[in-house]
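Structure first, commentary second.
Source: prediction; values computed, not measured. Letters go in sequence order (proteins before strands), and every chain restarts at 1.
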Amino acid sequence: MSRYEPSVIEPKWQAAWDEAKTFEASRSEDKPKYYVLEMFPYPSGRIHIGHVRNYTMGDVIARYKLSTGHNVLHPMGFDAFGMPAENAAMASGGHPKDWTYSNIDTMVGQMKPLGFGLDWSRMFATCDPEYYGQQQALFLDMLDKGLVYRKNAVVNWDPVDMTVLANEQVEDGRGWRSGALVERRELTQWFFKISDMSDELLSALDTLDDWPAKVKTMQANWIGRSRGLQFAFSTVDAPEAFDRIEVYTTRPDTLMGASFLGISPDHPLAKALEKDNPEVAAFCAECRKGGTTEEAIETAEKLGFDTGLTVRHPFDTSWELPIYIANFILMDYGTGAIFGCPAHDQRDHDFCTKYGLPIVDTFLPVEGDWDIQKEPFVPTKVEKVRYTRGFAGDEVQTGNDAIDAAIAFCEGQGVGQGVTKFRLRDWGLSRQRYWGCPIPVVHCDDCGVVPEKKENLPVRLPDDVSFDVPGNPLDRHPTWRDCACPSCGKPAKRETDTMDTFVDSSWYFARFTAPRAGTPTDLADAEYWMNVDQYIGGIEHAILHLLYSRFFARAMNITGHLPEKCKEPFNALFTQGMVTHAIYKRDDPQTGRPVYFYPEQVELKDGKAFSKEDGGALDTIPSAKMSKSKNNVVDPMAIIATYGADTARWFVLSDSPPERDVEWTAAGAEAANKHLARVYRIAAEVAELDAPANDQDEALLREMHKAIHDVTQGVESFGFNASIAKLYGFTNTLSKSKAGAAAKREAAKTLAQLMSPMTPHLSEEVWALLGGEGLIANAPWPVADEAMLVEDTVTLPIQINGKRRAEISVPKDMPKDEVEKLALSNDAVVKALDGASPKKIIVVPGRIVNVVI
RNA sequence: GCCCGCGUGGUGGAACGGUAGACACAGGAGACUUAAAAUCUCUAGGCCCUAGGCCGUGCCGGUUCGAAUCCGGCCGCGGGCACCA
């Protein structure tokens, strides 16, 4: 009998699938279609065990759907533009293009041996001119429909390198290379008008029934719809054109508790004052230090500057409030001006305490005391509170009711109006970098900003660029910028900004439906294949990528590139966890710096780690995100070389639920491999078995049908770990069964089929061994016989006061009162009752009996 | 700082509000073997001497006949915060 040899069988079956074009998708109306997609990878160099897990999940779905009679589209590509390619070019002198395509070659070469059922004929990289040229066409159509515009926006500016930095290139407020203090600087940038769709993007979340609730919550909070009052304070002695300052507040009910007016350092008034007041200029300059992230702004020390100017309170013109410039007020949100109410807001409370401004309550708890000077009173808006300085509605009311009443009152008084605002900002797509899709517009002295003609697309990136100095190579290229104005034909200059790589990933799923089309999409193909039936990817993309894709799908509908039904392009979403691995380290006694050990340098004894080299004890950090610098990255290629692809696939799906992180352990991989070898051995035995049918057959076949049922349910509901647990159990049953050869062969073939989405190579081999017809990949998925699933008797636990004390075995459909009688006659119950009668008996049919004493 | 998750034996984890710990790893005992590997069988949350009982799902409280599960508060860890992808 032969052994389980993955290195022999895996290439064999991969060749067989290629030969039969098993996974090449083509349109045909005779079967329902199914589009399964995993978020495509960034070509970082080598595939990661996390990729293996992600793509294996998608592959399980794809193979399962294929065997349930679907026309499956399961494509793969690369999200190939982005900063790491430029960083590599800066570090080691190559070209981003060479680096990227060489990485793609490597990664494809690593993915193929894993046996994923992918349609490789559709593969593309977003840096292919064929792809980004179509993206430029899409951009021009969006420009034409008014979905793109230019405005000023702040960027991280490195004053030493004279270049724009990405957020991740800013460390503790300093540029990562120069170490210079980063400043926020305004540049003219291109924007997508995603905010026009705020309301729609929010309300349509309700239609996404098969998306995780947490993702929808995150998106809803991100879009951040709020209702509030917008009104103006009139100023006292302010510069010309600033006699009124518009503010937006979500708490107009606290208007009588206002202590100051706060404006953003980027507010027009601040900018006006800055011009001839050096103190204001110095303060605003101070505020502009640091990075652009919300995190940096929110966690920075709250600073304010008293302008000396005041505004009049709208309800009492003799009441004047000081105008402060404050570093925590964002120009992007609302009107860039707020009124501060320290009694009911922690930040305002801190601010007023710091600058000695009055703290006046507008409401207090319905009962009890509150020292408002010491601590702000910030109840939720659904709680009832007692208004001490209310001006609308009841004295005791909820915050929500008070807000509604306040808006109505103010509108009646002619003080502002109720408005709905969103937190969502327009999507800035300009990047001052080389390795991205060029924005296809031209700057002409006479005609202004002019779109490039479609027949001139793609606007290709030049190859002759260098990365020896900071900044955008397109800016300093000797000739690339020079072109003719598409409108008047005079010499003009190309736009040198390229697109955010999120643009590339916002429509690739649509492109996969017709990857070689001469237009961004082919409507007939999109109509057939869209939407993505199952999208799989990391939770880290919960907001930006998924929101931008939802926006793009709508924009592509408006520009005629996608049908109406694609406005929500992902029918179902699954967010998978990471693959983690322990970190082994110890501090170097000389330098005190941590030294990281590779798993193969580590010896494990009684759960403790020691260096193989010198036997010294090591610290273990369990379940850490894999990171090259921590030496805890597991290379899938090494796993394949040792155990084969099926072992890697089986392992990443077992144990942990897919949405949770899974820890890679050598022991776990070893165990997975042993199990697969065992399945092979059992199948080989069964193939040679020659035993007559007997009374054990039915028990085995019953278990087989239960396995079909449970495994199928696991696959359908992303419970792959549950499917695998069931498969372990069924393997044990089969191994121990004394049933006849025919029944055991049927069971073994079914086992192979149930395993085939996870371990396709082994399954094909077992299938062939047992005389299965054709490829198991094409064999119809087994269907559980309902009659075989029904149990005649059930075991009911008996609880006394909620604690399990006994169990009884009863016929499945025994009436409640008979179960009750049986329970009461149970020894444990009789003993516990000790002659008394129970207070209550709860019988949940088929589940449990609880006797309350 | 803000938003969203997660927390169960030595380990990964299972469990429609209904027998907590399925399945697996590591461990223990045994079979086979000259021996080892491989394989197979049994065992296994903790505590108490056992019958049996007590304690146990990060911590504190609540709802319920019954809570890992629902609610409130805390602690710890992770993801995101608009130029990492």
Please work out if [X] contacts a base, only the sugar-phosphate, or nothing of the nucleic acid, heavy-atom cut-off 4.0 Å.
X        : answer
A:Asn732 : sugar-phosphate
A:Lys839 : nothing
A:Thr299 : base
A:Val164 : base
A:Asn850 : base
A:Trp427 : nothing
A:Gln432 : base
A:Lys302 : nothing
A:Gln219 : nothing
A:Pro41  : nothing
A:Arg347 : nothing

Distance flag, aromatic centroids of [Y] and [X], threshold under 6.0 Å:
X        : Y        : value
A:Phe351 : A:Phe328 : yes
A:Phe730 : A:Tyr728 : no
A:Trp507 : A:Phe551 : no
A:Phe552 : A:Phe192 : yes

Where along nucleotides 67-77 of chain B does protein come under 4.0 Å, by heavy atom, of base (B) or sugar-phosphate alone (S), with - for untouched nucleotides? -----------

Looking at [N], which nucleotide sits across from it as a Watson-Crick or G-U wobble partner, both distances under 3.5 angstrom, or is there none?
N      : value
B:rA67 : none
B:rA26 : none
B:rG72 : B:rC60
B:rA51 : none
B:rC77 : B:rG5
B:rC84 : none
B:rC32 : none

For B:rC83, take OP1 and OP2 only and decide whether either is under 4.0 Å from a side-chain N or O of A:Arg431. yes

With respect to the phosphate group of B:rC23, does any side-chain polar atom (N or O) of A:Asn721 fall under 4.0 Å of OP1 or OP2? no

Nucleotide nearest [X] when distance is taken to its side chain, options [options]:
X        : options                : answer
A:Met218 : B:rC4, B:rG1, B:rC16   : B:rC4
A:Lys214 : B:rC42, B:rC4, B:rA85  : B:rC4
A:Ile543 : B:rG80, B:rC84, B:rG13 : B:rG80
A:Pro84  : B:rA85, B:rA82, B:rA22 : B:rA85

Taking the six-membered ring of A:Tyr333 as reference, does the cationic atom of A:Lys421 (NZ for Lys, CZ for Arg) lie under 6.0 Å from its centre and within 45° of its axis? no

Determine the Euclidean distance between corresponding C1' atoms of B:rG21 and B:rA15; express it in Å to zero decimal places. 9 Å

When the C1' atoms of B:rU19 and B:rA68 are considered, how many whole Å apart are they? 14 Å

Kindly indicate whether the side chain of A:Gln189 and the base of B:rC83 share any N or O donor-acceptor pair separated by less than 3.5 Å? yes

Interatomic distance, OH@A:Tyr535 vs CG@A:Leu37, rounded to 0.5 Å, equals 5.5 Å

To the nearest 0.5 Å, what is the distance between CD1 (A:Ile853) and CG (A:Asn801)? 5.5 Å

Which of parallel (below 30°), tilted (30 to 60°) and perpendicular (above 60°) describes A:His545 and A:His541? perpendicular

Filtered N/O pairs between nucleotides 50-58 of chain B and protein, under 3.5 Å:
{"unit_1": "B:rC55", "atom_1": "OP2", "unit_2": "A:Lys803", "atom_2": "NZ", "d": "3.3"}

